[in-house]
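To start, the structure itself, in C-alpha cells.
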Amino acid sequence: MFDVEGTVSIVTGALGGIGRELVRSLLSNKAKGVALLDLNDAQAAEFQASLEKEFGANKTLFLKVDVTDLENVKGAFKKCVDHFGNLDIVVNNAGIIGNIEMVIKINLLALIQISNLAFFDYLPKYRKGNEGVIINIGSVGGLYPFHILPDYCASKHGVVAYTQALGSNVHYQNTQVKVMGLCPGGTDTEIFKGVPEYYQQFMKDTDHAIQQTEIVGDALIKVLKEGSNGSIWISKNSEPAFEFDYKSETLPILLKHVS
Ligand SMILES: NC(=O)c1ccc[n+]([C@@H]2O[C@H](COP(=O)([O-])OP(=O)(O)OC[C@H]3O[C@@H](n4cnc5c(N)ncnc54)[C@H](O)[C@@H]3O)[C@@H](O)[C@H]2O)c1
C-alpha cells in the first residue's frame, strides 16, 4: 500500500476550494512537503500560515504558476525538487468553467503536459520510494454527457481517457509511476461562478447534491492508498470515494442525472 508519510507532492490549483483540502489531507497524513502551484497568489501567505500552525513549519512552498505556461511549470518542478529534495506525487487539480479555449487549455492540455513532465522526467528520478503517483482531477461530468456544461464535459472526458491510457501497465513497467483519476461530483467551491449565462438556467433546474471540499480531500488519500494503476474514482454526494467501473451499474446511476 502506498504510504503518504515522508512524501513530497506538487498540487496545482492549490489555493482553490478543493486544492486546499487536497493539500491539508496530504499534510495530515504526514507528508514531508507540498508545493502549492497556483495562478492566484492573493491568499497564499495566509493559507501557508494556517498550514504552518496546523502541521508545523517548512511544509509548503508556494509557487505562482500559470499551468498553461509549460516553461513556468518546468521552473516550478525544478524549484520543488531543489527545495524538498524529492518528488513523489503530482496532483493535477487546476481547472475552470468558463471561456471555452481556456477550459480546454487548463483542464486538458496543461494537465497532459504536466503529467508527461511528471511521468517521464521527474517522478522516476526524484521519488523517494519505489513508486511515483500522478492523480488527475476529472469530474463526474467526465463520465457521462453532462448537458449543463458541454465544453467542460468534453475537457473532463479527455482527462479520464488520457488518465486511463497513460495508466496502462505497459507504461507502468517502464517508469513505476501510477496514474489515476479522481472525479468529484458537485462540491462547494467558487468554480460555479464561471458558468456562462446561457447554462445557468440548467444549473438551477438540476437537483445536484453539493458536498463539502473535505470529502474530496479524504478521497485523495483513499485513492493514493488503494487505487490501482489506471483506475478512476468517484467522490460525490458526501460518500466515501469508490472506483468507477464501466461494467457495473455505476454508469446507469450517473446517467440518471441526464434528462
Ligand atoms: N467544485 C466542483 O463541483 C467540482 C466538481 C468536479 C470537478 N471539479 C474539479 O476540481 C478541480 C478544482 O476545482 P475547484 O472546485 O476547487 O475550483 P476553484 O475555482 O475553487 O479552484 C481552482 C483553482 O485553480 C486555479 N487556477 C485556475 N487557472 C489556473 C491556471 N491557469 N494556472 C494555475 N492555477 C489556476 C485557481 O486560481 C483556483 O485556485 C478542477 O479541476 C475542477 O474542474 C470541481
Side-chain angles (χ1 to χ4, degrees), residues 10-23 36-44 47 62-73 76 90-116 134-163 181-213 215-217 219-220 232 234-236 254 257-259:
I10 284 178
V11 177
T12 71
L15 268 283
I18 289 176
R20 287 173 183 240
E21 286 308 321
L22 301 177
V23 172
L36 319 176
L37 273 57
D38 208 297
L39 189 58
N40 171 18
D41 60 356
Q43 294 165 344
F47 181 47
F62 175 75
L63 297 164
K64 184 170 180 166
V65 170
D66 180 348
V67 293
T68 66
D69 179 345
L70 189 55
E71 289 311 308
N72 201 196
V73 171
V90 173
V91 186
N92 278 303
N93 165 69
I96 63 158
I97 290 171
N99 173 279
I100 293 175
E101 191 175 345
M102 294 314 292
V103 164
I104 301 302
K105 276 191 180 164
I106 295 171
N107 297 6
L108 184 57
L109 179 61
L111 177 142
I112 292 173
Q113 289 174 325
I114 295 173
S115 295
N116 278 347
I134 297 171
I135 303 285
N136 289 329
I137 303 298
S139 165
V140 293
L143 299 169
Y144 74 103
F146 184 49
H147 65 289
I148 295 172
L149 293 165
D151 53 287
Y152 178 82
C153 169
S155 73
K156 294 296 187 177
H157 271 73
V159 169
V160 170
Y162 171 79
T163 300
L182 174 56
C183 294
T187 308
D188 187 16
T189 74
E190 300 285 293
I191 198 169
F192 295 108
K193 284 189 175 164
V195 175
E197 205 182 326
Y198 167 76
Y199 295 108
Q200 282 175 10
Q201 56 184 309
F202 301 107
M203 289 288 293
K204 286 185 204 131
D205 294 344
T206 307
D207 185 21
H208 276 294
I210 301 289
Q211 63 187 359
Q212 296 306 303
T213 51
I215 300 291
V216 190
L220 172 67
I232 302 295
I234 294 172
S235 168
K236 69 173 183 70
L254 289 168
H257 291 289
V258 183
S259 52

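Just so you know, these numbers use all the heavy atoms, side chains as well, and skip hydrogens, waters and symmetry mates.
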#### Entry: Non-hydrogen side-chain atoms of V11 and L37 separated by less than 4.5 Å
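The answer is no, as the side chains (C-beta and beyond) never meet within the 4.5 Å cut-off.
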### Query
Is the shortest heavy-atom distance from the side chain of I18 to the side chain of T187 under 4.5 Å?
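A side-chain contact exists here, since the closest heavy-atom pair is under 4.5 Å.
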Give the minimum heavy-atom separation between [X] and [Y], together with the two atoms involved.
X: L63; Y: A76; result: CD1-O, 3.6 Å
X: V160; Y: G142; result: CG2-O, 3.8 Å
X: G98; Y: P196; result: O-CG, 4.5 Å
X: Y152; Y: I96; result: CD1-O, 3.4 Å
X: N107; Y: V159; result: O-CG2, 3.3 Å
X: V23; Y: A14; result: CG2-CB, 4.0 Å

With rounding to the nearest 0.5 angstrom, report the [atom1] to [atom2] distance, [X] to [Y].
X: I97; Y: I191; atom1: CD1; atom2: CD1; answer: 4.5 Å
X: F62; Y: D38; atom1: CZ; atom2: CG; answer: 6.0 Å
X: K156; Y: L143; atom1: NZ; atom2: CG; answer: 11.0 Å
X: S139; Y: H157; atom1: OG; atom2: NE2; answer: 9.5 Å
X: L108; Y: Q113; atom1: CG; atom2: CD; answer: 10.0 Å
X: F192; Y: I148; atom1: CZ; atom2: CD1; answer: 8.5 Å

Okay, side chain of [X], backbone of [Y]: is any donor-acceptor separation there less than 3.5 Å?
X: N99; Y: M102; value: yes
X: N72; Y: D66; value: yes
X: D41; Y: K64; value: no
X: N93; Y: T12; value: yes
X: Q211; Y: S235; value: yes

### Query
Does the pair V216 and L22 meet the rule for a side chain to side chain contact (heavy atoms under 4.5 Å, CB included), with working shown?
CA-CA 7 Å; V216 190; L22 301 177; 4.3 Å; yes
### Task
For D188, enumerate each residue passing the salt bridge (charged side-chain N to carboxylate O under 4.0 Å, His left out) test, keeping only those at least two apart in sequence or located in another chain.
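By the salt bridge (charged side-chain N to carboxylate O under 4.0 Å, His left out) rule, D188 matches no residue at all.
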### Task
Applying salt bridge (charged side-chain N to carboxylate O under 4.0 Å, His left out), name anything that partners E190, two or more places apart in sequence or on another chain.
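With neighbours one apart ignored, the set is K193.
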#### Entry: Partner of P184 by side chain to side chain contact (heavy atoms under 4.5 Å, CB included), out of V140, I215, I137, T213
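Only match with P184 under side chain to side chain contact (heavy atoms under 4.5 Å, CB included): I137.
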### Task
Evaluate the side chain to side chain contact (heavy atoms under 4.5 Å, CB included) criterion for residues V90 and S115: first the C-alpha distance (whole Å), next the side-chain angles of each, then the deciding distance (0.1 Å), finally the verdict.
CA-CA 8 Å; V90 173; S115 295; over 6 Å; no
### Task
Give every residue pair that meets the salt bridge (charged side-chain N to carboxylate O under 4.0 Å, His left out) criterion with at least one member in residues 91-109, sequence neighbours excluded.
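For residues 91-109: E101-K105.
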### Task
Consider only side-chain N and O atoms of N136 and T163, and report whether a donor and an acceptor are under 3.5 Å apart.
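Yes.
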### Evaluation steps, side chain to side chain contact (heavy atoms under 4.5 Å, CB included), between L15 and R20
CA-CA 6 Å; L15 268 283; R20 287 173 183 240; 3.5 Å; yes
### Query
When you look at I114 and V67, which way does the side chain to side chain contact (heavy atoms under 4.5 Å, CB included) test go after all the steps?
CA-CA 8 Å; I114 295 173; V67 293; 3.8 Å; yes
